[in-house]
Structures are given as structure tokens and as C-alpha cells.
Amino acid sequence: AFGRVATPLLHVTGTLDHGYVEGATPADREIPFRAIEGTPQVLAVLEGAPHAAFADEAAAGPRWADPTYYARTAALAVLWWQETVATQRL
């Protein structure tokens, strides 16, 4: 399935990004990045970031609303957009 991906991608995960339901490991989160070839992509692995680090779900409790990584991820996304997507004709 990954072989058909042709759109530039920014993958963001964390060193503690475990899937508690499906049992995924942080290394499993890198499989799409490693399997996709021929399209611009970047893999950002944020030290200490768990799966919930990117959820911003305050109603689900503090585990899902930790703002530690929001600014970093947003800045990374903007830089990636400017350097990768905005300079290409898609």
C-alpha cells in the first residue's frame, strides 16, 4: 500500500509512541517512512513524546493534553511546508 504514495509527507512520532490498543512499538511507527520511496518525506522522532503527545484532547484528561510538543510540531510542520510543499507544483 505504501508503494502508491506520491505526495510529500511529514511523519511525526515520538520515542515513547506505543500503541496500547494494537501493541505497536515506537519502531513500528517508522514503517511507513521506511517503506515509501520516490517522494519527498521527512521523519521527525521527538525525544520522550508518547502517542498522546499530539492529540490535544483536554476532555480526555491530562495525558492527552500535554502541550510540551505542540509548538515544536507546529514549527516543524511550517518549516517542512515552506521547504517541501510550497516550492512544488502538486
Side-chain angles (χ1 to χ4, degrees):
F2 295 123
R4 299 188 317 242
V5 175
T7 303
L9 292 168
L10 170 61
H11 307 259
V12 181
T13 188
T15 58
L16 301 179
D17 190 356
H18 296 277
Y20 297 102
V21 174
E22 78 283 8
T25 67
D28 293 336
R29 304 292 189 199
E30 298 180 16
I31 291 172
F33 174 78
R34 304 208 184 288
I36 296 168
E37 297 178 356
T39 192
Q41 60 177 342
V42 171
L43 171 63
V45 181
L46 303 181
E47 181 68 36
H51 186 72
F54 315 106
D56 193 19
E57 293 289 335
R63 176 174 173 255
W64 295 92
D66 178 355
T68 304
Y69 301 97
Y70 300 158
R72 296 175 197 172
T73 305
L76 175 63
V78 169
L79 288 171
W80 176 82
W81 177 267
Q82 290 172 339
E83 294 299 320
T84 304
V85 178
T87 60
Q88 295 185 14
R89 296 189 140 183
L90 303 177

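Here, residue 1 is the first one in the sequence, and each next residue gets the next number.
- Looking only at side-chain heavy atoms (C-beta outward), R72 and L76 stay at 4.5 Å or farther from each other.
- L10 and L79 are assigned to two separate hydrophobic clusters, defined by single-linkage of ILVMFWY side chains at heavy-atom distances under 4.5 Å.
- Scanning for salt bridge (Lys or Arg N to Asp or Glu O under 4.0 Å) contacts around E37 gives an empty result, with sequence neighbours left out.
- T13 places a side-chain heavy atom less than 4.5 Å from the side chain of L43.
- To the nearest 0.5 angstrom, R29 atom CZ is 13.5 Å from H11 atom NE2.
- Other residues sharing the hydrophobic cluster of I36, ordered by chain and number and joined by side-chain separations under 4.5 Å: F2, V5, L9, I31.
- Considering only residues two or more places apart in sequence or on other chains, Y69 meets the ring-ring contact (aromatic ring centres under 6.0 Å, His included) condition with none of them.
- The closest side-chain heavy-atom distance from P26 to H18 is below 4.5 Å.
- No continuous path of hydrophobic side-chain contacts links L16 to V45 [ILVMFWY only; heavy atoms under 4.5 Å].
- Applying the 6.0 Å contact sphere to CD of E47 captures no more than 12 heavy atoms from other residues, nucleotides or ligands.
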